[in-house]
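See below for the structure under consideration.
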4 protein chains.
Amino acid sequence: MGAVKSKRVPRAVREQQMLDAAVRTFARRGYRAASMDEIAEAAGVSKPLVYLYLNSKDELFTAVIRRERAALVAAVTAAVEPDAPADRQLWSGLKGFFAHTAEHPDGWAVLHQQARTHGEPFALEVAAMRAEIVEFVTDLIGAAAKEAGCAGELADREVAGLAHAMVGAAESLAEWSNSSEGEGAYGEREHSSAKDTAATLMNLAWAGLGRMTDGERWAPGG
Amino acid sequence: MGAVKSKRVPRAVREQQMLDAAVRTFARRGYRAASMDEIAEAAGVSKPLVYLYLNSKDELFTAVIRRERAALVAAVTAAVEPDAPADRQLWSGLKGFFAHTAEHPDGWAVLHQQARTHGEPFALEVAAMRAEIVEFVTDLIGAAAKEAGCAGELADREVAGLAHAMVGAAESLAEWSNSSEGEGAYGEREHSSAKDTAATLMNLAWAGLGRMTDGERWAPGG
Amino acid sequence: MGAVKSKRVPRAVREQQMLDAAVRTFARRGYRAASMDEIAEAAGVSKPLVYLYLNSKDELFTAVIRRERAALVAAVTAAVEPDAPADRQLWSGLKGFFAHTAEHPDGWAVLHQQARTHGEPFALEVAAMRAEIVEFVTDLIGAAAKEAGCAGELADREVAGLAHAMVGAAESLAEWSNSSEGEGAYGEREHSSAKDTAATLMNLAWAGLGRMTDGERWAPGG
Amino acid sequence: MGAVKSKRVPRAVREQQMLDAAVRTFARRGYRAASMDEIAEAAGVSKPLVYLYLNSKDELFTAVIRRERAALVAAVTAAVEPDAPADRQLWSGLKGFFAHTAEHPDGWAVLHQQARTHGEPFALEVAAMRAEIVEFVTDLIGAAAKEAGCAGELADREVAGLAHAMVGAAESLAEWSNSSEGEGAYGEREHSSAKDTAATLMNLAWAGLGRMTDGERWAPGG
DNA sequence: CATGAATGAGATTTCATTCAT
DNA sequence: AATGAATGAAATCTCATTCAT
């Protein structure tokens with residue numbers, strides 16, 4: 001089952017095959033070390049065809065980044081429950097995030113490790129995505145403050161810092177949870193893993209966020 | 001008659017000059033895009049001399065990683081107050097971490113972005129360093145639990161997750177606080193910035209850690 | 001309902017369209033730099049069709065050269081008054097030459113610059129055309145000698161040299177007069193320009209030719 | 001005698017060897033068809049060394065054009081007798097021109113055929129050289145007019161046309177005389193050939209120039 | 001201690017050309 | 001009559017690395 005080598009495939013399909021191959025290759029080798037030869041071979045086509053459709057290594061990499069970025073944002077967006085309370089929204093968003101990164105480790109690797117490391121044009125694309133996510137978290141923190149009656153003030157920079165910390169923590173957990181994958185039935189395992197990981201982060205951070213919106217602060221001697 | 005170009009410099013000194021140049025170049029260009037030509041020129045020596053002392057591009061990069069890793073670990077280690085309570089130790093360690101990464105942005109960029117992106121041998125070196133730090137944080141969480149009387153149980157995997165989240169949050173904050181550097185007198189500013197950033201993270205996480213050691217957990221329904 | 005893109009065009013017409021596109025492209029880009037892609041697009045057809053009709057880039061270029069060569073020779077031939085005296089024939093031939101090269105600059109560029117520059121097969125085609133023209137001029141010089149009573153002897157090699165000089169002068173003037181085109185009504189302008197340019201060359205050379213057929217020679221000391 | 005393969009040669013020497021090889025290769029193959037591989041092999045070095053010294057194919061070609069241009073201009077300049085009468089200056093300049101192009105056919109081919117055919121930057125370099133020579137001839141025609149008492153007027157454009165015709169005739173003769181090279185002792189042959197060729201052109205043109213400065217013109221009816 | 005001279009191997013990219021429909 | 005899909009071969013250029021001095 002499955003043709004050994006599919007020939008004369010429509011352009012749109014071939015392009016996706018190429019992007020698939022490119023994601024795998026860029027994730028494993030890095031942008032510079034991945035050669036167009038290797039990508040073409042992984043896609044099952046000749047190098048000139050890759051150039052005919054994607055124009056250059058740069059454009060290919062950009063196309064990959066854009067596709068993976070859109071997929072990740074879509075996954076998280078689809079996961080959040082828009083009208084739920086702030087903590088519930090954060091929780092469902094995190095679950096979506098961890099589930100997607102677990103299911104698409106190569107895409108996540110390209111976004112998180114490769115794209116940020118190889119020059120402005122690519123880094124900017126990812127920075128924009130990260131900014132989107134940071135803003136989402138920032139808004140949730142604001143909403144949480146409102147829900148809590150907001151006894152104390154939360155300076156803008158303070159909120160921004162908290163959001164960046166949250167996002168960084170999530171990124172780190174995604175990597176850790178992917179690399180320390182246990183055994184067990186796959187689908188099940190991943191699902192529960194995404195849930196557990198999201199819970200870990202909620203446990204760590206939610207109480208602190210609540211205290212801050214109440215105007216309390218940690219202090220060295222405290 | 002000061003020599004315009006210092007010749008006949010002792011080996012140890014030359015090596016450090018080369019490593020300095022290499023850190024800068026690797027940080028700015030990335031591992032693959034940084035050429036030995038550029039590094040040699042930045043170091044003010046000829047290429048064969050770089051090879052005589054550091055043997056190959058791989059070994060040069062490894063030497064850079066090792067030096068920067070040692071410097072970062074030393075900075076954090078020197079910053080913590082060994083016999084203080086757990087929160088105080090974490091706090092001082094974070095201050096040390098943020099101060100060092102702010103003062104050595106190129107070294108941090110090499111460790112955080114380049115080394116993890118370019119293949120196993122280098123990534124392992126950084127993973128080891130990260131493991132050191134994660135373990136340090138893990139121990140602190142354990143100590144905090146003990147100090148708190150430890151009503152509930154903290155599963156190992158749970159603690160590990162918390163530690164990874166803390167480290168990821170710290171990394172993200174380091175990057176954010178470096179790139180959003182404000183104005184003001186420099187030395188002063190950086191110091192206070194490291195303090196603020198550390199406080200942000202303590203505020204976010206310490207309360208949650210405390211609740212967990214008390215056996216409480218966040219749950220979707222509030 | 002005029003078709004936006006004419007399809008099902010008879011072969012002969014399509015071939016001329018392709019040759020038109022090829023002349024333009026070869027003239028502007030040069031033989032090597034002109035790609036079959038570009039030519040096919042300029043002709044408004046697909047690449048395989050160009051191959052179906054013209055077989056290969058070499059054959060396409062050859063076809064172009066042959067067509068332009070024939071057109072130029074036809075224009076000059078049509079311009080000369082066969083039974084007029086030698087100087088009159090030369091004069092009208094030159095007018096025809098300058099008028100044609102001015103009206104078909106791309107064709108002239110291909111013949112004069114590209115075809116001679118890119119290897120034997122093409123250069124030979126143009127060399128043959130040039131030989132035709134040189135022979136025509138050679139014959140005219142012979143005729144002029146006869147008309148003049150031919151006091152002196154004109155060695156064959158001497159005549160050949162004169163003919164080559166005339167042709168080279170004409171080629172140079174064609175280029176110069178095309179590139180230094182003035183203003184004024186176009187058709188008129190070109191015509192008069194061809195006439196002026198022909199007159200310039202007649203003025204320069206005819207007296208000398210007459211002297212030579214009279215057996216006189218220029219000598220260093222005057 | 002003659003090392004089979006000279007190694008470790010100083011840069012200046014190697015560069016000339018490379019330029020020598022490049023002139024030959026560009027002349028025979030044309031700019032595009034000449035590969036850097038071929039040039040490097042003809043120079044007896046590896047390709048990277050060519051790039052190290054000459055940077056790119058474009059720059060290599062430019063260097064070739066500049067060197068050959070300077071050599072040709074120097075040869076002609078050295079040949080003319082500055083204080084002689086106009087016809088004598090023209091005569092000696094032509095001799096120098098024909099002698100140089102005969103001795104350096106590849107250089108001449110690069111300047112005359114290749115450089116003008118492959119894009120603006122190169123064509124401009126040769127156009128500038130040609131303009132130098134045309135101006136020299138223009139001045140000589142002006143001087144001749146003065147010497148002759150200059151009964152009639154010579155319009156600027158008329159003079160320019162004459163100069164361009166002269167230069168074109170010389171170029172054509174150079175090519176013809178090179179390609180129709182007879183047998184016989186080499187050095188001798190070439191010398192006499194340059195002289196003969198120069199004489200041919202003087203015979204053709206000098207009388208006409210004289211008539212024009214006297215105000216006479218050729219007219220169709222004779 | 002230090003370097004100018006040199007190269008093997010491999011990267012990206014382009015192009016003329018064909019096949020299947 | 002006409003084309004979208006596909007490729008083998010070769011071009012320019014770069015880089016880590018070594019020798020001879």
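Everything quoted here is computed from the prediction, not taken from an experiment.
Checked against dT13(E), dT12(F), dT7(F), the side chain of S56(A) finds its nearest nucleotide in dT13(E). The side chain of K57(C) approaches dT17(E) more closely than any other nucleotide in the set dT12(F), dA16(F), dT17(E). Closest approach to the S46(D) side chain among dT3(F), dA6(E), dT3(E) is made by dA6(E) (side chain taken as heavy atoms from C-beta onward). Proximity note for R11(A) (side chain, C-beta onward) versus dA16(E), dA5(F), dT12(F): the nearest is dA5(F). You'll find that the side chain of V9(A) is closest to dA6(F), out of dA5(E), dA2(F), dA6(F). In the set dT7(E), dT3(E), dA1(F), the nucleotide with an atom closest to the side chain of Y53(C) is dA1(F). When distances run from any side-chain atom of Y51(B) to the nucleotides dA16(F), dT3(F), dG4(E), the shortest one goes to dA16(F). Of the candidate nucleotides dA5(F), dC15(E), dA16(F), dA5(F) has the atom nearest to the side chain of R8(A).
The nearest heavy atom of DNA chain F to M36(D) and to P48(A) marks one nucleotide each, and the one closer to the 5' end goes with P48(A). Residues S35(D) and D37(B) both approach DNA chain F. Their nearest nucleotides, taken by heavy-atom distance, put S35(D) toward the 5′ side. Take the nearest nucleotide of DNA chain E for L49(B) and for A33(C): the residue whose nucleotide is more 5' is L49(B).
Between E38(D) and R24(D) no salt bridge is recorded (no basic side-chain N to carboxylate O distance below 4.0 Å). Salt bridge annotation for R130(D)-E125(D): absent, with no cationic side-chain nitrogen under 4.0 angstrom from a carboxylate oxygen. Under the 4.0 Å criterion applied to side-chain N and carboxylate O atoms, E59(D) and R66(D) are not assigned as salt-bridge partners.
Nucleic acid contact for A40(C): none, since no nucleic acid atom lies under 4.0 Å from a heavy atom of the residue.
Where DNA chain F pairs in unbroken runs of 3 or more (Watson-Crick or G-U, both distances under 3.5 Å), the stems are E:2-21 with F:2-21.
Contact annotation: R32(B) does not reach the phosphate of dA16(F) (side-chain N/O to OP1 or OP2, under 4.0 Å). Residue R14(A) places at least one side-chain N or O under 4.0 Å from the OP1 or OP2 atom of dA6(F).
A heavy-atom distance below 4.5 Å is found between the side chains of V23(B) and R67(B).
Using the six-membered ring where Trp is involved, Y31(C) and H118(C) have ring planes that are tilted, between 30° and 60° apart.
Annotation: cation-pi pair K57(B)/Y51(B) absent, no NZ/CZ under 6.0 Å from the ring centroid and within 45° of its normal.
Counting non-hydrogen atoms of other residues, nucleotides and ligands closer than 6.0 Å to CD of E41(D) gives a total of 12 or fewer.
Distance, L60(A) CG to dA11(E) C1': 15 Å, rounded to whole Å.
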